Peer 1: 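Following this message is one structure expressed as structure tokens.
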Amino acid sequence: MGGRDATMVLLDENGIRCDGRKVDEPRRIMIKAGGLKNADGSAYIEFGDNKILVGVFGPRDVHPKHMSNTDTGILRVRYHMVPFSVGERKNPAPSRREIEISKVIKEALEPAVMLDKFPRTAVDVFIEVLQADGGTRCAALSAASVALADAGIPMRDMVAACAAGKVADTVVLDVNNEEDQAGQADMPIGYMPNLEKITLLQLDGVLTSEEYKKCVQVGVDGCKIVYDIQKKALQDKYFGNGGD
Ligand code: ADP
């Protein structure tokens with residue numbers, strides 16, 4: 001954030017954004033359930049120009065053993081960006097940002113997963129960001145939910161995620177990379193539509209209390225759009241002809 005390109009028009013006089021979208025329009029979203037034969041569950045998502053692959057393994061034994069919990073299963077999440085996922089080569093060593101995003105995605109998924117059903121074991125979620133274009137944590141979280149469902153992990157609901165934000169003094173849905181860099185606020189939201197519960201809410205930027213409420217509403221509406229696409233991905237694999 002902070003005006004990288006002050007000359008860019010983020011919102012024109014007709015309410016059209018820099019990538020041609022309306023204020024309440026998400027980027028193109030495509031989700032495929034399955035695809036990785038060595039994983040217990042997997043999913044691939046394209047969210048605008050973000051391209052992310054998720055593999056889920058488990059429930060399986062925990063190593064080292066002392067990390068296991070006799071009362072409940074544990075969820076472990078690794079969010080990783082491949083070096084060519086951004087314009088300038090990313091250092092392959094885990095960055096502070098990747099460690100933070102791994103943690104927030106894990107905490108956003110935990111309320112959805114019935115961890116008490118598989119004590120002493122772990123479920124591992126590996127997220128590989130192949131191409132990043134703003135909003136990778138939301139796209140990764142949405143794909144991780146589908147991959148967990150694909151692995152047959154018992155869940156209370158799926159977490160769908162989408163960001164809202166403030167651009168040119170206007171609340172918009174699904175902030176892209178340019179808007180994130182030059183806009184005023186970015187609020188990633190993870191939401192379980194069936195349970196009507198928010199499991200991720202972050203805010204980078206400054207909002208009035210009215211704008212804050214509007215962002216939450218717009219973001220939750222975006223999550224509902226993502227949720228329909230997540231369900232369709234699973235339906236296509238298990239009941240349609242998209243199976244493999
Ligand atoms: P999110 O991807 O969830 O929006 P951030 O707000 O931290 O997370 O990042 C915004 C965008 O900045 C990313 O989606 C990516 O396109 C870009 N980005 C992140 N890390 C790097 C990096 N090391 N080099 C170049 N661009 C990056």
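These numbers were taken from a predicted model, which means no experiment stands behind them. Basis for what follows: all heavy atoms, side chains included, without hydrogens, waters or symmetry-related copies. We number each residue from 1, following the sequence as shown. Both ligands and their constituent atoms are indexed starting at 1 by order of listing.
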Peer 1: Have a look at ligand 1 and work out which part of Thr136, if any, has a heavy atom under 4.0 Å from it: side chain, backbone, both or neither.
Peer 2: both
Peer 1: Is it the case that Glu100 and Gln202 place a side-chain donor and acceptor less than 3.5 Å from each other?
Peer 2: yes
Peer 1: Are there over 12 heavy-atom neighbours, none belonging to Lys214, within less than 6.0 Å of that residue's NZ?
Peer 2: no
Peer 1: In terms of atom number and element, which parts of ligand 1 are under 4.0 angstrom from non-hydrogen atoms of Asp180?
Peer 2: 6 (O), 10 (C)
Peer 1: Excluding sequence neighbours, so at least two apart, what forms side-chain contact (heavy atoms from CB on, under 4.5 Å) with Ala108?
Peer 2: Leu141, Thr199, Leu200
Peer 1: Can you establish whether the number of heavy atoms outside Phe118 located under 6.0 Å from its atom CZ is more than 12?
Peer 2: yes
Peer 1: Tell me which protein heavy atom sits closest to atom 4 (O) of ligand 1, plus the residue, atom name and distance to 0.1 Å.
Peer 2: Gly135 N, 2.7 Å
Peer 1: Any side-chain donor-acceptor pair under 3.5 Å between Gln131 and Asp49?
Peer 2: no
Peer 1: My understanding is that we take every heavy atom of each candidate and find the minimum distance to atom 15 (C) of ligand 1. Doing that for Ala161, Ala132, Ala140, Ala139, which one comes out nearest?
Peer 2: Ala132
Peer 1: Look at atom 19 (C) of ligand 1 and say which protein heavy atom is nearest, naming residue and atom and giving the distance to 0.1 Å.
Peer 2: Arg97 CZ, 3.5 Å
Peer 1: Looking only at atom types and distance, does a side-chain atom of Asp12 sit under 3.5 Å from a main-chain N or O of Ile16, one as donor and one as acceptor?
Peer 2: yes
Peer 1: Got the closest protein heavy atom to atom 3 (O) of ligand 1, with its distance?
Peer 2: Arg137 NE, 2.8 Å
Peer 1: As a check for students: among Gln202, Lys90, Glu98, identify the option with a heavy atom nearest to atom 23 (N) of ligand 1.
Peer 2: Lys90
Peer 1: In the protein, which heavy atom is nearest to atom 14 (O) of ligand 1, and how far is it?
Peer 2: Gly134 N, 2.7 Å
Peer 1: Could you tell me which atoms of ligand 1, counted from 1 in the order shown, lie closer than 4.0 angstrom to a heavy atom of Asn177?
Peer 2: 11 (C), 12 (O), 16 (O)
Peer 1: Return the closest protein heavy atom for atom 24 (N) of ligand 1 as residue, atom name and distance.
Peer 2: Val86 CG2, 3.6 Å
Peer 1: Quick one: pull up CZ in Phe47 and CD1 in Ile29 and give me the separation to the nearest 0.5 Å.
Peer 2: 4.0 Å
Peer 1: Heavy-atom contacts under 4.0 Å between Asp133 and ligand 1: side chain, backbone, both, or neither?
Peer 2: backbone
Peer 1: Compare all side-chain heavy atoms of Thr121 with those of Ser68 and state whether any distance is below 4.5 angstrom.
Peer 2: no
